[in-house]
2 protein chains.
Amino acid sequence: MTNETLDEVDLRLLQALQADGRATHAALGKAVGLTGPSVYARIKRLERAGVIRGYTTIVDAGALGQDLVAYLRIGTKAGPDEAGPFEEFVHAEPRILECHDVDGEDSYIVKVRVGTPQELRALLAQVRALPDVYRTITSIALETIKETRGGGHLADPATPEDD
Amino acid sequence: MTNETLDEVDLRLLQALQADGRATHAALGKAVGLTGPSVYARIKRLERAGVIRGYTTIVDAGALGQDLVAYLRIGTKAGPDEAGPFEEFVHAEPRILECHDVDGEDSYIVKVRVGTPQELRALLAQVRALPDVYRTITSIALETIKETRGGGHLADPATPEDD
DNA sequence: GCTGAAAAGCGCGCGCC
DNA sequence: GGCGCGCGCTTTTCAGC
């Protein structure tokens with residue numbers, strides 16, 4: 001279940017697939033030093049093992065009129081054991097891109113993407129109206145410095161840490 | 001540059017592409033009510049227009065031994081106008097998945113993904129050692145409620161908001 | 001488990017509607 | 001702008017190393 005089953009070639013292959021999800025097996029093979037069918041066999045193995053979770057297309061949010069990113073720190077009353085109205089709302093609301101239950105002062109950290117400040121205001125009002133939400137702190141993103149999407153980082157396979 | 005050039009079919013096509021970045025043109029056509037070549041023409045147009053930014057593979061972070069997600073709220077001294085050592089570090093460090101310059105109390109919100117608490121501690125030490133960083137507040141994710149990756153939400157094309 | 005070739009399926013461009 | 005056909009490439013399988 002860990003990366004014991006992943007060798008160096010697998011990691012390079014995953015990295016190449018992360019960089020271009022539609023690369024052909026031949027191109028991937030050239031990148032990792034294998035032939036097409038070998039790449040195919042490895043990809044299928046990784047898909048079955050659940051290492052490859054899927055393939056997606058990165059859409060420019062600005063072209064969709066969704067230029068506004070904000071992070072919300074949410075305080076809720078109920079513990080994380082019972083998924084209350086807030087979590088249901090999170091799953092139902094497409095403008096909520098991410099939501100993590102966190103330790104510390106806040107209950108959840110939420111990433112939202114909307115088109116206008118008015119839309120953000122309306123969304124915030126919906127969140128605040130939920131019965132288990134008692135506090136929201138909003139941080140509007142002025143600029144996105146970095147935004148990766150692969151799900152895990154593969155640029156550094158070996159960890160050169162002094163353990 | 002806005003979504004004026006995107007019609008309803010484009011939005012459905014983008015949604016289908018987000019759900020499966022390797023879907024065939026025929027399958028996409030069936031989903032949106034078009035034939036393969038028509039889908040192909042639209043995809044090429046969307047790629048040229050920059051609406052489609054690229055394709056990627058979603059890798060299971062747990063399989064890579066990266067089970068620990070944390071959000072860092074960073075306080076820096078220099079304004080966002082001049083990209084200081086912190087932003088350089090952000091770009092160079094693969095374990096930093098996201099970084100946004102935000103308004104409010106904090107300067108940046110950063111999303112990191114690491115394998116162990118020890119690794120997080122070492123990464124935090126590196127961040128704190130940067131000359132322009134004067135404060136870091138860490139929130140460790142106990143559970144991920146939601147994590148989308150497409151870059152923009154397409155589930156709700158029409159905004160049923162009482163404006 | 002990787003390599004090669006061979007078959008089935010698909011992406012891709014053209015011409016027509 | 002979308003549809004149908006055809007070529008070339010890619011995916012996928014199979015046998016050999």
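Each chain gets a letter, A, B and so on, in the order the sequences are listed, and its residues count up from 1. Quick caveat, the model's predicted, so the values are computed rather than measured.
- Atom-to-atom, CD of Glu8(A) to P of dC2(C) comes out at 14 Å; the value is rounded to the nearest Å.
- Leu46(A) places its CG atom 14 Å from the C1' atom of dG1(C), with the value rounded to the nearest Å.
- As a whole-Å value, the separation of Lys30(B) NZ from dG2(D) P is 19 Å.
- Salt bridge Glu47(A)/Arg22(B): absent, no basic N to carboxylate O contact under 4.0 Å.
- When each of Arg22(A) and Leu34(A) is assigned the nucleotide of DNA chain C with its nearest heavy atom, Leu34(A) is the one assigned upstream, toward the 5' end.
- Salt bridge status for Arg135(B) with Glu105(B): present, with a side-chain N to carboxylate O gap under 4.0 Å.
- When the shell of 6.0 Å around NZ of Lys146(A) is examined, it contains more than 12 heavy atoms from other residues, nucleotides or ligands.
- Rounded to a whole Å, the CZ atom of Arg48(B) is 12 Å from the P atom of dC12(C).
- Residue Thr35(B) has no polar side-chain atom (N or O) positioned under 4.0 Å from OP1 or OP2 of dG2(D).
- Note: CG (Leu17(B)) to C1' (dG11(C)) measures 14 Å, nearest angstrom.
- Nearest nucleotide to the Pro37(B) side chain, out of dC2(C), dT3(C), dG4(D): dG4(D).
- Hydrophobic clustering (ILVMFWY, side-chain heavy atoms < 4.5 Å, transitive): Val90(B) and Leu123(B) are in one cluster.
- Put simply, CG on Asp10(A) is 11 Å from P on dG1(C), counting in whole angstrom units.
- Phosphate proximity of dG2(D) to Arg42(B): present, with a side-chain N or O under 4.0 Å from OP1 or OP2.
- OP1 or OP2 of dT3(C) has at least one side-chain nitrogen or oxygen of Ser38(A) nearer than 4.0 Å.
- Of the candidates dG4(D), dT10(D), dC2(C), dT10(D) carries the atom nearest the Thr24(A) side chain, counting heavy atoms from C-beta on.
- The side chain of Tyr40(A) sits closest to dT12(D) out of dC5(D), dT3(C), dT12(D).
- A side-chain donor-acceptor contact under 3.5 Å links Arg113(A) to the backbone of Gly151(B).
- Taking atom NZ of residue Lys44(B) and atom P of nucleotide dG2(D), one finds them 16 Å apart after rounding to whole Å.
- Taking 4.0 angstrom as the limit, His25(A) places a side-chain polar atom (N or O) nearer than this to OP1 or OP2 of dT11(D).
- In this structure, the CD1 atom of Ile43(A) is 16 Å from the C1' atom of dT13(D), given to the nearest Å.
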